[in-house]
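Just so we're on the same page: letters track the sequence lines, and every chain starts at 1.
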Number of protein chains: 2
Amino acid sequence: MKFLIFAFFGGVHLLSLCSGKAIYKNGICKRTFEEIKEEIASYGDVAKAIINLAVYGKAQNRSYERLALLVDTVGPRLSGSKNLEKAIQIMYQNLQQDGLENVHLEPVRIPHWERGEESAVMLEPRIHKIAILGLGSSIGTPPEGITAEVLVVTSFDELQRRASEARGKIVVYNQPYINYSRTVQYRTQGAVEAAKVGALASLIRSVASFSIYSPHTGIQEYQDGVPKIPTACITVEDAEMMSRMASHGIKIVIQLKMGAKTYPDTDSFNTVAEITGSKYPEQVVLVSGHLDSWDVGQGAMDDGGGAFISWEALSLIKDLGLRPKRTLRLVLWTAEEQGGVGAFQYYQLHKVNISNYSLVMESDAGTFLPTGLQFTGSEKARAIMEEVMSLLKPLNITQVLSHGEGTDINFWIQAGVPGASLLDDLYKYFFFHHSHGDTMTVMDPKQMNVAAAVWAVVSYVVADMEEMLPRS
Amino acid sequence: MKFLIFAFFGGVHLLSLCSGKAIYKNGICKRTFEEIKEEIASYGDVAKAIINLAVYGKAQNRSYERLALLVDTVGPRLSGSKNLEKAIQIMYQNLQQDGLENVHLEPVRIPHWERGEESAVMLEPRIHKIAILGLGSSIGTPPEGITAEVLVVTSFDELQRRASEARGKIVVYNQPYINYSRTVQYRTQGAVEAAKVGALASLIRSVASFSIYSPHTGIQEYQDGVPKIPTACITVEDAEMMSRMASHGIKIVIQLKMGAKTYPDTDSFNTVAEITGSKYPEQVVLVSGHLDSWDVGQGAMDDGGGAFISWEALSLIKDLGLRPKRTLRLVLWTAEEQGGVGAFQYYQLHKVNISNYSLVMESDAGTFLPTGLQFTGSEKARAIMEEVMSLLKPLNITQVLSHGEGTDINFWIQAGVPGASLLDDLYKYFFFHHSHGDTMTVMDPKQMNVAAAVWAVVSYVVADMEEMLPRS
């Protein structure tokens, strides 16, 4: 079709040298949007077949059961841990046994931090054992711990106003939960801001929308030139209690002990499997989630679910005997929680082929009931994605929203590759996120079936369309 | 009014010797229900004054703030603990300082059990630290712990069917949560049933409607003639995980260590305060909640809220300068969680005066937004309570439901005294019940205001009506 010419100037068709409704532009034939719509509409039966297999057929509950088996066997999978490397080896075998192609591990170097033994006890005004979870990359305390009076603040602004009171104290942040992206700055920056005003340690109210006395961990970031102080999260309950105590002028003293330690970087792998493209095998639709997790709970939700619906997408396509024109590449990232460490190295290695990446997809915000697809890309690409999502009418999940993103795929998106992420019912996500509660109990097999169906239809159709997604 | 006669035979008024619409029956004048309705309706302004003070006026948030101060200061208040006795002494002072009358402590003997240090570790198929909470009255393990293979069952029926597999094992119950009263039997009877078939210990899925890896404690009951084995609750998450593992035929081994110990009974007190009746001081409306709690969290919900809206009811009535005809008696029970121990001894001591108890009230199922009043009593008494509750139309809380009850007031109810309990929005109650999550964070000051208003209106009006509630 590219050999025929159909010229289009100022909205008036002057020539009819392109086939069908294709448009001549910049020296080549461009298909009209009507043609693309027709092409996408032709996938209606394939989409129905995927949905039937995933939601109603033999594959139902498979991603849930596969995930349960892995996380029950291995447990949580912190960067640098033996658990993570065991999970990677198991997944390597799983993907081979599933009959996927080009299954391989791509070596990367990842951080190795361990929390060790940790505890916090309120000594004044009364003895109270405080549940804590040290934050990733935090230093430990001396073996005897840090025993100090507490300064409770509810914001960085209040910390600035009361900077003179902070020296030699443990700063407790009782910031309200607004939303994750706004509130998480207290977890990532709390230690640095407290250290700047002379605090000995910082304890941060967990970034959680609901709590049953549940501490939530996560990464924190030191800053060059600012002293490193130990930092951990506490529960919403204890942060609120200490805030009430402080408001009554009651002196609070805490003894904090943390055995946290950072070890030299260690070897790990991004885990890759493919369905090789039939016509443009060098071109790629990347489907992904991360295999690592925090070291509490089972990492079932964050991001076992995302990793396993990504695997499931390829399994469904393979089971239906489908082979798209370009390559569907599954990547299970390592060390996402430490800031997309595995994904960054993957990007460095593969960016030379960036022009061959049609779409990068990541599911890393739960696999509860999907709301739609978040997408970042040009208006033309978005219009195409809206047509693709219309194939999911049988599931009534057709929305294309803005802000497609993911820690692991943002490297590509920022470089201009269209990116998509799964948006789902996030109501309970931050109840469990990075807590002991991130287990299989959170997961719903039926919701995972639906999420996998969405993921499979989108990735397959984009990988099989005649043209890559346009970048402008 | 009792000196005049108005005879009523077969629905026809034959004589007009009773005043107003009163009815002559069994030799005395009985007021008609219409008269009682009118009497109750005359409390409309009083009810509005109570509601205004509690919900919109100076007293708003008072019960919440008083409760926060106590539970932040003292923490949880287990039967036999110093915390509980400290709380009782503080409440004694609080009630005196509040200007209530006849403030006193009534000595009782209560159980003294301590959980000590406790831990459980899964040794096979992988190392996993299992969150546990030993159950009240459980024995401990030997210092080296009990290390044994696990038998997972989902019901007592399954345990019976698989009795031959239980000997020498740790029985894990993964019973589904149906509702509290049905499911709690696994917590109370799980150890006995496991011991009967030769188990060494039992671990019971927490009786909870929702979990963020939260163990929930509570009382358990040994049986004469059945060996005592250590027993603790585990999280929903771990019970489900072990159930999945067992369903795959995977061998599970757990090491359980419990330092639990029962000490000799100890001295404690029911805490009492009154507004003495102006006309029938010997007659009583009893308003109550329990001051003790489990030894985790703060006991804010169970039953700090119930105890403090009961106190608040008397405070509101006193603040408005009201004094009912009969005595309003506040009782803060001790050792409810061990089976209404304080309340039973109160009943034994005071049952001689049972004919003087018009109504016994207990709030021990949360102080979330009230739905209405649960009531146990005769049809005549119920009809009166419906009129009383109609005074709460300004709050739109007028329902009189069945099954008024409470561990501490059931002794009286079973002996024929009308009983009332507060029914409120229980949606989240069993998220927190007997867990580390039972803290002030759960409590809502505005909901407590409304609950206190309901409690004050009901108790005041029943205490001030001309006649006691009828028992038949």
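If you check the side chains of Glu85(A) and Ser268(A), you find a donor sitting under 3.5 Å from an acceptor. Of the N and O atoms on the side chains of Asp98(B) and Ser315(B), at least one donor lies less than 3.5 Å from an acceptor on the other residue. Tyr213(A) and Asp238(A) form a side-chain donor-acceptor contact under 3.5 Å, judged by distance and modelled atom types alone.
Using a 30° and 60° split on the angle between ring planes, Trp113(B) and Trp294(B) fall in the perpendicular class, above 60°. Ring geometry for Phe430(B) against His433(B) counts as perpendicular: the plane angle is over 60°, on a 0 to 90° scale with 30° as the lower cut.
Between chain B and the options Val74(A), Leu69(A), Ile127(A), Ile250(A), heavy-atom pairs under 4.5 Å are most frequent for Val74(A). Between chain B and the residues Arg244(A), Glu240(A), Met241(A), the largest count of heavy-atom pairs under 4.5 Å involves Arg244(A). Taking Thr235(A), Thr441(A), Val71(A) one by one and counting their heavy-atom pairs under 4.5 Å with chain B, the maximum is reached by Thr441(A). When each of Thr439(A), Asp438(A), Val296(A) is checked for heavy-atom pairs under 4.5 Å with chain B, Thr439(A) comes out on top.
Under a 4.0 Å N-O distance rule, the pair Arg115(B)/Glu118(B) qualifies as a salt bridge.
In this structure, chain B has a heavy atom under 4.5 Å from the side chain of Ser214(A), while its backbone stays farther away. Looking at His436(A), both its backbone and its side chain come within 4.5 Å of chain B, counting heavy atoms on both sides. Using a 4.5 Å cut-off between heavy atoms, Lys428(A) touches chain B through its side chain atoms alone.
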